**Q** 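One structure, as structure tokens, below. Some questions next.
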Amino acid sequence: MDKLQSLRGMVDLLPEHTPLWQWLEARARLHFRRAGVSEIRTPLLEVTELFARGIGEATDVVGKEMYSFLDRGERSCTLRPEGTASVVRAALQHGLLSQGPQRLWYGGPMFRYERPQAGRQRQFHQIGLEMLGFADARSDVEAIAIAWDLLADLGVQGLALELNSLGTSADRANYRQQLVDFLQVHRELLDADGQDRLERNPLRILDSKHPATQALLVEAPSLLNCLAPESRERFEQVQAGLTALQIPFQLNPRLVRGLDYYSHTAFEITSDQLGAQATVCGGGRYDGLVQQLGGPATAAIGWALGMERLVLLLAQGDAAANDLAAAVPDLYVVNRGAAAELAALRLARELRAAGLVVELDASGAAFKKQFQRADRSGARWAAVLGDSELERGLVRLKPLRQQRPGAAAGGEGADGEAVDGGGLGGKGLGGEAELRLDDLVALLARVGSA
RNA sequence: GCGGGCGUCGCCAAGCGGUUAAGGCAGCGGCUUGUGGUGCCGCCAUCCGGGGGUUCGAAUCCCCUCGCUCGCCCCA
């Protein structure tokens, strides 16, 4: 069938899921705010060259995963595959760095043309932190701590922080030579992919999952041993900082990040609950990137967090899920009759202006039908407005959530708390009541704001 | 780009060569011509992702194709 459907790897977020995302985003915003980090929003579309130069031509992301196309002006454009390059570009373009170090965060969709699988989509969402103009090892610790604390606050369990240092570019060149020398000798043990990388990008062989390669790497020289004394000392400071903050970590000398701009500290926060895509958050230092994009030499560190993966983790534990129901109406307006329907429209508007969550039945259906819908909406009250009420200037108020014998079982949807008379009961209105229209608005306004 | 699994109504799901393609949820209508959640009754796939083939006969077997999904690669 040729029904219209979303593009492969492009996923709809349906209403039942958006509350969790909103909650997540709100928590993240709060953490950034407390840490003095400001939000920056950059375009989804950039010139292709930004990513080619920023991320590295040899990387998979640039080499085979970008959504690139020519626009009507024949410019090569690319849907951003990550956030860092854009943030740095924006900071340079607007002279942010001349105003001192920048603590920035961003969030939103990223695009990578890959085969979708668990925890991987073509359009996916990241929240990221970029600290531009920060060189001290303490900034590494702070950046990691912000991520760690956010994740902990969200209630994500079973996370592990893996840490490595890639040193300076000189350190890496040094190590690269040692690694190549070692692997050359055992070349035939590498898979085709590994042999290919031996020339192009030998460091990437380190995180290969190929069993024979893994076995071979046990004997391989360690990157950490190639660090210059200053790099080593810097790395130790980072570790000391994390220890002081009681953030547990494991050293992983095989941890190399896939984007070229990383140096010194590299880290990943992983979960064993995610299947193949274990990394929830990844980042590191990128002291060379700003300069590479045409700016002044500027030390920087940042990370990005994969929202879909986070949601996957949150959905497993029920910690967050409970208090995230969508807004339930305070009041459902049942109405029927030409004049009454108009009055109901007005009533709903006034009640909303007074701060109440009001659902108006606009179907014109029979009262029975409307009450069924009122009940399913989860509203606490039904306001009934028909022509006879209207004639007398009244509205009938009916409690919907009162427990009635035999009504509890078999409930669907948002049952649970069987609300009693609520605030209105306390005001001497047990059960059903008739009220003057104006009084209802006034009364509910008071209850709503209480 | 390469492997594995799967594709029946909006959702869940029976069926496994001959059925009018079960059932449940949701939806709609009615019993109750202005009053809710229960109950009862009725309606809701000429069609089984699409195309071809085998057969007297296919949702059920074969081929191709598309889509979904998991994994490799890579990354958040």
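Chain letters run A, B, ... following the sequence lines, proteins first and then strands; every chain starts at 1. Since the structure is predicted, the reported quantities are computational estimates derived from the model, not experimental observations.
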**Q** Touch check for G119(A), heavy atoms < 4.0 angstrom, all strands: base, sugar-phosphate only, or nothing?
**A**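 The answer is base, as G119(A) lies within the cut-off (heavy atoms under 4.0 Å) of a base atom.
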
**Q** Side chain of R120(A), heavy atoms from C-beta onward: which of C28(B), A76(B), U35(B) has the nearest atom to it?
**A**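 Minimum distance to the R120(A) side chain belongs to A76(B).
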
**Q** Considering only A76(B), G67(B), G29(B), which nucleotide approaches the side chain of K369(A) most closely?
**A**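 So the nucleotide nearest the side chain must be G29(B).
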
**Q** In whole Å, what is the span from the CG atom of L151(A) to the P atom of A76(B)?
**A**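 Rounding to the nearest Å, CG of L151(A) and P of A76(B) are 15 Å apart.
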
**Q** Could you list the residues that satisfy ring-ring contact (aromatic ring centres under 6.0 Å, His included) with W21(A), not counting sequence neighbours?
**A**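 ring-ring contact (aromatic ring centres under 6.0 Å, His included) list for W21(A), sorted by chain: H125(A).
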
**Q** State which of C28(B), A76(B), G36(B) makes the closest approach to the side chain of F124(A).
**A**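 Looking only at side-chain atoms, F124(A) lies closest to A76(B).
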
**Q** What is the distance, to the nearest angstrom, from the CZ atom on R373(A) to the P atom on A26(B)?
**A**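 Nearest whole value for this atom pair: 14 Å.
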
**Q** For RNA chain B, whose closest nucleotide is more 5', that of F371(A) or that of G306(A)?
**A**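 Its nearest nucleotide being more 5', the pick is F371(A).
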
**Q** Tell me which nucleotide among A76(B), G34(B), G36(B) gets nearest to the side chain of A304(A).
**A**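 In terms of side-chain proximity for A304(A), the closest of A76(B), G34(B), G36(B) is A76(B).
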
**Q** Between G39(B) and G24(B), how many Å separate the two P atoms, rounded to a whole number?
**A**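 The answer is 13 Å between these two P atoms.
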
**Q** When you compare the protein's N or O atoms with those of nucleotides 2-6 of chain B, which come within less than 3.5 Å of each other, and at what distance?
**A**
| unit_1 | atom_1 | unit_2 | atom_2 | d |
| --- | --- | --- | --- | --- |
| C2(B) | N4 | R115(A) | NH1 | 2.9 |
| G3(B) | O6 | R115(A) | NH2 | 3.3 |

**Q** Using the C1' atom as the point on both nucleotides, what is the distance between G37(B) and C48(B), in whole Å?
**A**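 Result for the C1' pair: 36 Å, nearest Å.
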
**Q** Under the rule for ring-ring contact (aromatic ring centres under 6.0 Å, His included), what residues qualify as partners of F182(A), not counting sequence neighbours?
**A**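 Applying ring-ring contact (aromatic ring centres under 6.0 Å, His included) to F182(A) gives H186(A).
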
**Q** Identify, with sequence neighbours excluded, every residue that meets ring-ring contact (aromatic ring centres under 6.0 Å, His included) alongside Y106(A).
**A**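 Listed in chain order: nothing, the list is empty.
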
**Q** With a 3.5 Å limit on both atom pairs, tell me what C2(B) is paired to, counting Watson-Crick and G-U wobble, or say none.
**A**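 Pairing partner, where one exists within any strand: G71(B).
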
**Q** Taking the same atom, C1', in G51(B) and in G15(B), what whole-Å distance lies between them?
**A**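 My reading of the C1' atoms in G51(B) and G15(B) gives 24 Å.
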
**Q** Is the shortest distance from a Lys or Arg side-chain nitrogen in E142(A) or R103(A) to a carboxylate oxygen in the other one below 4.0 Å?
**A**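 Between R103(A) and E142(A) there is a salt bridge, with a charged N closer than 4.0 Å to a carboxylate O.
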
**Q** Without decimals, in angstroms, what is the distance between R122(A) CZ and G67(B) P?
**A**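 Atom CZ in R122(A) sits about 10 Å away from atom P in G67(B).
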
**Q** Write down the distance separating the C1' atoms in G50(B) and C56(B), rounded off to the nearest Å.
**A**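 Those two atoms are separated by 26 Å.
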
**Q** Using the six-membered ring of F371(A), assess whether NZ or CZ of K398(A) lies under 6.0 Å from its centre and within 45 degrees of the ring axis.
**A**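 Output yes; distance and angle both within limits.
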
**Q** Parallel, tilted or perpendicular: which one describes the rings of Y67(A) and F111(A), with boundaries at 30° and 60°?
**A**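 It falls in the perpendicular class, over 60°.
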
**Q** Might you confirm whether atom CZ of F367(A) has over 12 heavy atoms from other residues, nucleotides or ligands at distances under 6.0 Å?
**A**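 Count over threshold, so yes.
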
**Q** How far does the C1' atom of U69(B) sit from the matching atom of G49(B), given to the nearest Å?
**A**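 Result for the C1' pair: 15 Å, nearest Å.
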
**Q** Side-chain N or O of R8(A) less than 4.0 angstrom from OP1 or OP2 on G67(B)?
**A**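 For R8(A), the contact criterion (side-chain N or O under 4.0 Å from OP1 or OP2 of G67(B)) is not met.
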
**Q** I want to verify a distance call: between U35(B), C70(B), A76(B), whose nearest atom is closest to the R396(A) side chain?
**A**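 Comparing U35(B), C70(B), A76(B) against the side chain of R396(A), the answer is U35(B).
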
**Q** Please give, in whole Å, the distance from U32(B) P to Q372(A) CD?
**A**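 Rounded to whole Å, this separation is 16 Å.
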
**Q** To the nearest Å, how far apart are Y332(A) OH and U35(B) C1'?
**A**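 In whole Å, U35(B) C1' and Y332(A) OH are 13 Å from each other.
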
**Q** Across the strands shown, which category fits R336(A) at heavy-atom distances under 4.0 angstrom: base, sugar-phosphate, nothing?
**A**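 No contact at all - R336(A) keeps every heavy atom at 4.0 Å or more from the nucleic acid.
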
**Q** Of G283(A) and A118(A), whose nearest nucleotide on RNA chain B comes first from the 5' end?
**A**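 Comparing both residues, the 5'-ward one is A118(A).
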
**Q** Looking at E389(A) and G34(B), is any side-chain donor or acceptor paired with a base atom of the opposite kind under 3.5 Å?
**A**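 Looking at the base of G34(B), it does pair with a donor or acceptor on the side chain of E389(A) (distance under 3.5 Å).
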
**Q** Just N and O in the side chain of R380(A): are any of them under 4.0 Å from OP1 or OP2 of G36(B)?
**A**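 No, no such contact exists.
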
**Q** Quick one, L159(A) with L313(A), criterion side-chain contact (heavy atoms from CB on, under 4.5 Å). Give me CA distance, side-chain angles, the key distance, then yes/no.
**A** CA-CA 10 Å; L159(A) 294 178; L313(A) 287 174; 4.2 Å; yes

**Q** Using the P atom on both, measure U32(B) against A26(B) and round to a whole Å.
**A**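 Each nucleotide's P atom is 23 Å from the other's.
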
**Q** Can you tell which of A26(B), G36(B), G67(B) lies closest to the side chain of R376(A)?
**A**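 From the listed options, A26(B) comes nearest.
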
**Q** What integer distance in Å separates L255(A):CG from A76(B):P?
**A**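 Distance check: L255(A) CG to A76(B) P gives 10 Å.
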
**Q** May I ask which nucleotide in the shown strands pairs with G36(B), Watson-Crick or G-U wobble, both distances under 3.5 Å?
**A**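 None - no nucleotide pairs with G36(B), as no candidate has both distances under 3.5 Å.
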
**Q** Do NZ/NE/NH1/NH2 and the carboxylate oxygens of R80(A) and E46(A) come within less than 4.0 Å?
**A**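 Result for this pair is no, no salt bridge flagged.
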
**Q** If you take any heavy atom closer than 4.0 Å to RNA chain B, which residues from residues 360-368 of chain A end up in contact?
**A**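 Result for residues 360-368 of chain A: F367(A), K368(A), sorted by number.
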
**Q** Rounded off to whole Å, could you give me the CD-to-C1' distance for the Q126(A) and A76(B) pair?
**A**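 In whole Å, A76(B) C1' and Q126(A) CD are 5 Å from each other.
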
**Q** Checking F51(A) now: which residues fulfil ring-ring contact (aromatic ring centres under 6.0 Å, His included) with it, not counting sequence neighbours?
**A**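 With neighbours one apart ignored, the set is empty.
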
**Q** Rounded to the nearest angstrom, tell me the gap between atom CG in L14(A) and atom P in A26(B).
**A**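 L14(A) atom CG is separated from A26(B) atom P by 19 Å.
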
**Q** What contact category does E65(A) fall into here, base, sugar-phosphate, or nothing, at under 4.0 angstrom with non-hydrogen atoms?
**A**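 It contacts sugar-phosphate atoms only.
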
**Q** Looking only at side-chain atoms of Q117(A), point me to the closest of A76(B), G27(B), C70(B).
**A**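 Within the option list, the nearest is C70(B).
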
**Q** Taking only the P atom of each, what is the distance from C62(B) to U46(B) in whole angstrom?
**A**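 Going atom to atom, P in each nucleotide, I get 26 Å.
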
**Q** Would you measure the distance from the C1' atom in G29(B) across to the matching atom in A21(B) and give it in whole Å?
**A**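 Looking at atom C1' only, G29(B) and A21(B) are 25 Å apart.
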
**Q** How about L347(A) and V395(A): do any of their side-chain heavy atoms sit closer than 4.5 Å?
**A**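 Yes, side chains in contact.
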
**Q** Are E25(A) and R27(A) ion-paired here, with the side-chain N under 4.0 Å from a carboxylate O?
**A**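 Salt bridge absent between E25(A) and R27(A).
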
